[in-house]
Participant: 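Attaching a single structure in structure tokens format; questions to follow.
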Amino acid sequence: MAGGHNSRFNVCNSNMKYNCATQPPNIDNPTYLDAYRRSIETPEDFWGEVGQSLDWYKTWEKVLDNSMEPFTKWYVGGYLNACYNTIDRHILNGKGDKVALIHDSPLTNTIRHVTYNELYETTSRLAGGLRQLGVEKGDRVIIYMPLIPEAVMAVLATARLGGIHSVVFGGFAASELCTRIEHAKPKVVIAATCGVEPNKVVKYLDMLHSAIAMSTWKPVCRVIFERNNVLSVSLDCKKDVSWNTVLQLGSLAERCECVPVEANDPLYILYTSGTTDKPKGVQRPIGGHLAVLSYSMKMIYGITSNDVWWTASDLGWVVGLSYICYAPLLIGATSVMYEGKPDRTPDPGQYFRIIDQHKVSAAFSVPTAFRVIRRVDPEVKYGKKYCLDSLRTIFIAGEQCDIETKNWIERTFKVPALNNWWQTETGSAITASCVGFGHSMYPPKYTTGLPFMGYQIEVFNQDGMQTESAELGRIVIKLPLPPGNMSTLYKNDELFKQIYFQKFPGYYDTMDAGYKDQNGYVYIVARDDDVINVAGHRIATSSLEDAVLRHHDIADAAVFGVPEPTKGQVPLCLFVVKEGTKKEATKISSEIIKIIRDVIGPIASFRLAAKVEGLPRTRSGKTMRKAMADFAKNEEVTLPATIEDPTVFSDIRRALQELGYAMTAPNPILAE
Ligand code: COA
Ligand code: AMP
């Protein structure tokens with residue numbers, strides 16, 4: 001049993017600090033076990049060694065300062081620069097001609113290779129130009145761009161100046177962009193005129209203009225990269241400065257040197273969905289993050305500077321920011337940026353083509369991407385003609401991976417498909433099958449792997465007791481969290497403490513449900529809060545409900561996730577209309593679908609909505625989203641005795657069945 005009998009504590013006593021020793025994994029791998037033990041027992045020595053892979057202007061005075069837990073600091077007093085470590089040092093080491101980025105864009109029919117020299121040239125000129133526009137150390141810069149090399153340049157130019165970047169994913173609508181602008185208060189926004197999707201050109205510039213019009217915060221300047229090969233637009237000369245003008249400003253100025261930044265200063269803010277209505281801007285400390293990313297490339301992914309590495313994600317998601325931009329460039333490898341879809345651009349053979357054409361050593365993506373290929377081309381007719389000899393491994397993360405998909409990936413690509421468990425908050429994998437540590441390439445079927453260095457993982461049940469091995473519960477991580485984890489929520493230390501550390505004192509609450517087996521392998525089953533995972537996009541049901549409630553005919557609404565074969569989960573909304581509403585329910589449904597697209601964005605994949613007579617609530621007013629979600633999945637549901645009106649479920653059954661769910665759901669049982 002993990003933790004032994006001494007480890008049973010009750011969370012009701014919130015003053016108590018848990019102090020049970022987490023058992024190390026019980027597997028036969030001395031190299032991993034030795035490193036893991038050192039990372040926990042002598043963290044200063046262990047992480048001190050890891051930090052040496054980076055170039056520092058000034059070495060740290062102290063590896064770990066945990067005196068203000070949970071505001072843990074690593075590499076305290078050390079000064080470095082993220083742009084220097086990802087670009088300049090490779091050039092100084094004679095690697096300038098090496099390809100840093102391969103931009104492969106079937107959507108614009110282009111393939112572009114960017115060397116480290118070229119990356120240096122444009123990034124430092126851009127940084128010089130941004131400095132002329134007033135960007136200084138600590139200033140925020142929002143980046144709203146498609147997956148093009150200029151987005152990486154914008155990220156690294158900001159980092160060069162010691163600025164704090166915040167990338168906003170292009171699939172978010174103007175009002176989501178506005179919320180982030182208001183919260184981050186950027187001095188400059190860097191955007192592209194447009195993005196390209198298979199069925200449309202996404203006009204980022206228009207969305208940026210509406211977001212800024214709505215926002216109470218007005219950035220000093222907007223820098224616009226014009227994608228004239230896709231869409232020709234005239235810039236608003238009063239408000240927009242073109243990318244090329246900023247580069248010219250940079251060329252005229254003095255050489256733009258990198259600004260040394262303290263290891264615990266923020267590198268970036270990445271906004272993520274959560275159950276609170278306040279913006280959750282995960283703030284990432286520079287030193288620990290870069291140290292762990294660089295170390296993870298070798299130890300988790302088995303990648304060296306000679307490899308071509310491909311992360312199929314976007315810089316607006318943590319996986320993309322960490323593993324398209326920072327990690328591969330830190331180690332001087334080549335990173336592929338794919339501006340396309342698994343299918344439709346133009347066919348489902350693209351993942352295979354990219355591996356073959358660019359000689360990719362390892363690829364990293366979400367299970368949904370592979371489910372898409374499998375659904376449209378199960379016999380791999382399009383992929384067959386490509387040679388996959390360069391490929392050693394596929395890594396998957398971001399959402400549940402069903403076993404059929406995992407098996408299909410392994411059969412089709414003929415390499416192991418290794419799962420990692422991640423959160424925006426952690427910045428890199430919490431658990432993984434680590435190639436560099438010689439972990440089994442065929443671990444137990446459903447696992448997301450073993451704890452990575454510094455992560456002491458425990459599983460607590462509803463009463464806050466440590467569970468038996470293989471028993472499902474809430475996954476928590478003993479403090480201190482290893483380097484690279486968020487340092488706080490931007491401008492909200494209180495919310496940071498409250499949502500992550502209050503419930504289980506001495507632990508970080510992951511809000512994921514899962515279990516550990518007797519060997520220490522970790523299994524993630526679902527989110528344990530009101531967050532759903534749609535094609536690897538993390539979406540809070542509360543933000544969708546807020547948007548639905550903007551409809552003037554709607555009195556009440558509940559949104560929850562239902563299974564969908566390709567995207568894993570999609571949101572479904574049941575709504576109650578106001579008394580006297582004459583409008584047809586189907587009309588209201590299509591109007592709220594449009595509202596969600598306009599307010600949140602198309603990535604919510606919101607298409608399922610139906611009217612009901614009432615929603616199930618407890619007497620304390622809590623909407624029973626989980627009961628409805630389980631009912632939709634045809635699972636047995638036990639309703640608490642505190643439910644206000646259990647009869648609402650008969651109408652909910654009708655509504656769900658019209659949408660294709662709850663077809664065989666047993667009647668809910670009322671608890672005694
Ligand atoms: N800019 C604008 N719109 C975008 C967009 C972008 N960058 N990316 C997606 N969209 C739009 C799509 O066009 C689509 O719009 P539609 O409803 O009008 O057709 C909608 O958002 C839904 O997109 P999505 O759910 O992403 O489906 P998809 O078929 O476009 O892509 C995947 C499928 C698997 C490629 C995509 O979901 C994906 O990359 N997911 C991984 C996310 C990730 O990396 N997460 C990191 C885990 S931490
Ligand atoms: P995000 O912060 O957007 O990366 O989403 C993090 C959430 O995605 C986690 O809390 C999990 O619920 C889910 N997640 C990430 N990786 C995995 C995985 N390998 N298996 C299952 N769920 C995952």
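Both counts, for ligands and for their atoms, begin at 1 and track the order of listing.
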Participant: Which of the atoms of ligand 2 are close to Ile524, meaning less than 4.0 Å from one of its heavy atoms?
Facilitator: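 Listed by number with element: 21 (C), 22 (N).
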Participant: With respect to Asp509, which candidate in Gln502, Arg474, Lys503 satisfies the side chain to side chain donor-acceptor pair (under 3.5 Å) definition?
Facilitator: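 It is Arg474, the one option of Gln502, Arg474, Lys503 that forms the side chain to side chain donor-acceptor pair (under 3.5 Å) with Asp509.
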Participant: Compute the ring centroids of Phe413 and Phe352, then answer whether they are less than 6.0 Å apart.
Facilitator: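 Yes, the ring of Phe413 comes within the 6.0 Å limit of the ring of Phe352, centre to centre.
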Participant: For ligand 2, note which part of Asn419 has a heavy atom under 4.0 Å away: side chain, backbone, both or neither.
Facilitator: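 Under 4.0 Å from ligand 2, Asn419 contributes side-chain atoms alone.
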Participant: Compute the centroid of each ring, for Tyr523 and then for Tyr446, and state whether the two points are separated by less than 6.0 Å.
Facilitator: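 Aromatic pair excluded; centres sit 6.0 Å or further apart.
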Participant: Looking only at protein heavy atoms, identify the closest one to atom 19 (N) of ligand 2 and say how far it is in Å.
Facilitator: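 Looking only at protein heavy atoms, the one closest to atom 19 (N) of ligand 2 is Asn420 O, 2.6 Å.
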Participant: Checking the N or O distance criterion of under 3.5 Å, is ligand 2 in contact with Thr424?
Facilitator: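 Between Thr424 and ligand 2 (N or O atoms, distance only) the closest approach is under 3.5 Å.
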Participant: Indicate yes or no: does Arg112 engage Glu150 in a salt bridge with an N to O separation below 4.0 Å.
Facilitator: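 Yes, this pair counts.
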Participant: At under 4.0 Å between heavy atoms, which part of Val531 makes contact with ligand 2: side chain, backbone, both or neither?
Facilitator: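 Neither; nothing of Val531 gets under 4.0 Å from ligand 2.
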Participant: Quick one: look up the protein heavy atom nearest atom 16 (N) of ligand 2 and list residue, atom name and how far away it is.
Facilitator: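 Protein heavy atom with the smallest distance to atom 16 (N) of ligand 2: Gly398 N, 3.0 Å.
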Participant: For the residue pair His358 and Thr334, establish whether any side-chain heavy-atom pair is separated by less than 4.5 Å.
Facilitator: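 Counting from C-beta outward, His358 and Thr334 never come under 4.5 Å.
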Participant: If you measure from atom 3 (O) of ligand 2 to every heavy atom of Arg538, Met511, Gln423, which option wins on shortest distance?
Facilitator: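 It is Arg538 whose heavy atom sits nearest to atom 3 (O) of ligand 2.
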Participant: Are Tyr144 and Phe172 near enough that their ring centres are under 6.0 Å apart?
Facilitator: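 No; Phe172 has its ring centre 6.0 Å or more from that of Tyr144.
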Participant: Output the list of atoms in ligand 2 that are nearer than 4.0 Å to some heavy atom of Thr448, sorted by atom number.
Facilitator: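 Close to Thr448: 19 (N), 20 (N).
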Participant: Do me a favour and list the nearest non-hydrogen protein atom to atom 15 (C) of ligand 2 with residue, atom name and distance?
Facilitator: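 I find the closest protein heavy atom is Trp422 O, 3.3 Å.
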Participant: Give a yes or no on whether a salt bridge exists between Asp356 and Arg353, defined as a side-chain N under 4.0 angstrom from a carboxylate O.
Facilitator: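 Arg353 and Asp356: not salt-bridged.
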Participant: Considering only the protein, which heavy-atom contact is closest to atom 9 (C) of ligand 2, and what is its distance?
Facilitator: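 Looking only at protein heavy atoms, the one closest to atom 9 (C) of ligand 2 is Asp512 OD2, 3.2 Å.
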Participant: Do Phe496 and Phe501 have their ring centres less than 6.0 Å from each other?
Facilitator: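 Ring centroids of Phe496 and Phe501 are less than 6.0 Å from each other.
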Participant: Examine the proximity of ligand 2 to Glu399 and report which part, side chain or backbone, both or neither, has a heavy atom under 4.0 Å away.
Facilitator: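 Contact part for Glu399 vs ligand 2: backbone (N, CA, C, O).
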Participant: Indicate yes or no: does Lys341 engage Glu197 in a salt bridge with an N to O separation below 4.0 Å.
Facilitator: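 Here Lys341 pairs with Glu197 in a salt bridge, since their nearest N and O are under 4.0 Å apart.
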Participant: Applying a heavy-atom cut-off of 4.0 Å, say which part of Arg527 lies close to ligand 2: side chain, backbone, both or neither.
Facilitator: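 The answer is the side chain of Arg527.
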Participant: Taking the basic N atoms (NZ, or NE/NH1/NH2) and the acidic carboxylate oxygens, is any pair closer than 4.0 Å for Asp546 and Arg550?
Facilitator: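 No, no charged N to carboxylate O under 4.0 Å.
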Participant: Without hydrogens or angle criteria, can the side chains of Thr345 and Tyr338 be said to hold a donor-acceptor pair below 3.5 Å?
Facilitator: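 Present: a donor and an acceptor within the cut-off.
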Participant: Does Ile396, backbone or side chain, put an N or O under 3.5 Å from an N or O of ligand 2?
Facilitator: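 So ligand 2 has no N or O lying under 3.5 Å from an N or O of Ile396.
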Participant: I'd like the contact residues of ligand 1, where contact means a heavy atom below 4.0 Å.
Facilitator: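 Heavy-atom contacts below 4.0 Å: Phe169, Gly170, Gly171, Glu197, Asn199, Lys200, Val202, Tyr204, Ser313, Trp317, Val319, Lys341, Pro342, Arg344, Val366, Thr368, Ala369, Gly398, Ala535, Gly536, His537, Lys567, Arg597, Pro602, Ile603, Ser605, Arg607.
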Participant: Aromatic rings His289 and Tyr268: how do their planes relate, parallel, tilted or perpendicular, breaks at 30° and 60°?
Facilitator: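 Perpendicular, since the angle between the ring planes exceeds 60°.
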Participant: Provide the number and element of each atom of ligand 2 under 4.0 Å from a heavy atom of Asn533.
Facilitator: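 Atoms satisfying the 4.0 Å criterion: 8 (O), 13 (C).
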Participant: Is it true that Tyr323 and Tyr301 have ring centroids separated by less than 6.0 Å?
Facilitator: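 Close enough - the centres of the two rings lie under 6.0 Å apart.
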Participant: Judging by distance only, is a nitrogen or oxygen of Thr510 under 3.5 angstrom from one on ligand 2?
Facilitator: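 There is no such contact.
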